[in-house]
2 protein chains.
Amino acid sequence: MKDHEILERTRTIVIDAIAQNMHLYGITASAGRLYGLLFFSDKPLTLDEMKEALGMSKTSMSVAVRSLLDLNMVEKVWVKGERKDLYAIKDDWYECFFDYFTIKWQTAIAMNSSAMEKSIAKLQKLIAEPETSEEIREQAFIDIKKLEERLDYYDWQNRLIDSFETKEILNFVPIEKKKD
Amino acid sequence: MKDHEILERTRTIVIDAIAQNMHLYGITASAGRLYGLLFFSDKPLTLDEMKEALGMSKTSMSVAVRSLLDLNMVEKVWVKGERKDLYAIKDDWYECFFDYFTIKWQTAIAMNSSAMEKSIAKLQKLIAEPETSEEIREQAFIDIKKLEERLDYYDWQNRLIDSFETKEILNFVPIEKKKD
DNA sequence: TGGTTTGTACAGTTATTTCTGTACGTAAAA
DNA sequence: TTTTACGTACAGAAATAACTGTACAAACCA
């Protein structure tokens, strides 16, 4: 009786902490709780079991689990003879961390880079125009310089994320087994 | 007339893109716009100038600029004879990127680690109790193992972020000047 | 000292996000 | 085939976050 409570409480402490910090991945706290639930679960769970465990609607569970799927934090598991969909946590944390940058950051970097490249092109065209005033031309030069610097920075970010994607980063910051 | 519009439009495109992706840093889109404004500004701006440029309240500018200050994305600039506070973008993007992890991620990791360490201690105590049932004891062992694995992962994350903080990461993924 | 100006705290408002229940399409079971 | 169960789309409700205007404290100036 008391034992079980302690076990449950220690889990809750951890789940709360995880949920609270999940926003770093752009994920709602509820999805974080769900992640914590799956972290401790010894078997894949159905939407109904999640709903039951977290006291939320099935719809919310469906949404939350999908957001976790999108980030490769959770996977759909097939179990023979089970009609319902089952979901389990992906237990390669490192992979998951890397995927986050590949999925979210690389997209954002691509968007920003694209916008900046387009702007540079427009500015160069503006500079090439003979009727552009000297003042404007000068400002355009300055803007182009700023944008190119920024593009260099995005290029660096991409190279960093590439080292995540290929796991080459682990040669630089290796996974070490802690001594027991 | 037309020139100036083109210049303005190219800036807007870029600012919009930046604002849209700023959520990756846990920052509101408005603060993102402000960041974009400062990115193109050739001089530090006052709250009133920001308010004017973005058509928002001074209070909002105050809040937004503070969120950027907290992430070391912006700095307060002192200018002789100027009574108002002036703010400028921090132009070391790399530093800013590293700071983000040091400020946000390290804090989150510390919170999670702390919660897990506390839980492990409680579980070990539970295991040591003679009246704990064998079933509970077994479950506690499983939980401890999971938590310790997770702690190893957090340790790795910390080492990665350390390499950001010390900039040693740049030895692995160097900043390369793009050829002009 | 008293009179301005500047930045922010606070409370109220608006906008956005998150959550719920119903309704429905799809697929398995009978 | 009909029946049943599952997961999700959708619309409305509840909760949260973002923004604004007022009011005030601190700093500056006279």
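Numbers restart at 1 for each chain; the letters A, B, ... are given by sequence-line order, proteins then strands. The basis for the numbers below is simple: all heavy atoms, side chains too, and nothing from hydrogens, waters or symmetry mates. No experiment lies behind these values; they were computed from the predicted model shown.
- Applying the 6.0 Å contact sphere to CD of A:E52 captures no more than 12 heavy atoms from other residues, nucleotides or ligands.
- In the region residues 19-43 of chain B, proximity to DNA chain C at under 4.0 angstrom, judged on heavy atoms, holds for none of the residues.
- Going from atom CE of B:M56 over to atom P of C:dT14 covers 16 Å, rounded to whole Å.
- Within the structure, a side-chain polar atom (N or O) of A:S60 is placed less than 4.0 Å from OP1 or OP2 of C:dT20.
- Taking the side chain as every heavy atom from C-beta outward, B:D85 and B:W78 never approach each other to under 4.5 Å.
- B:Y100 and B:L24 get closest at one heavy-atom pair: OH-O, 3.0 Å.
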Between A:F98 and A:W93, is a ring-ring contact (aromatic ring centres under 6.0 Å, His included) present by the stated rule, with each step listed? CA-CA 9 Å; A:F98 298 147; A:W93 324 117; over 10 Å; no
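- The minimum heavy-atom distance linking A:T132 with A:L126 is given by the pair OG1-O, 2.6 Å.
- For DNA chain D, the outermost nucleotides in 5' to 3' order that have an atom under 4.0 Å from a heavy atom of chain B are D:dC19 to D:dC28.
- Residues A:E129 and A:R137 are not paired through a salt bridge, judged by the lack of any N-O separation under 4.0 Å between the basic side chain and the carboxylate.
- Using a 4.0 Å cut-off between charged nitrogen and carboxylate oxygen, B:K43 and B:E49 count as a salt-bridge pair.
- Atom CE of B:M61 is separated from atom P of C:dT8 by 12 Å (rounded to the nearest Å).
- A continuous path of ILVMFWY side-chain contacts below 4.5 Å connects B:Y25 to B:L69, so both sit in one hydrophobic cluster.
- Between B:D70 and B:R66 there is no salt bridge, since no side-chain nitrogen of the basic residue lies less than 4.0 Å from a carboxylate oxygen of the acidic one.
- A:F97 and B:Y153 have perpendicular rings, their planes meeting at more than 60° on a 0 to 90° scale where under 30° would count as parallel.
- A heavy atom lying under 4.0 Å from DNA chain C marks the following residues of residues 63-90 of chain A, by number: A:R83.
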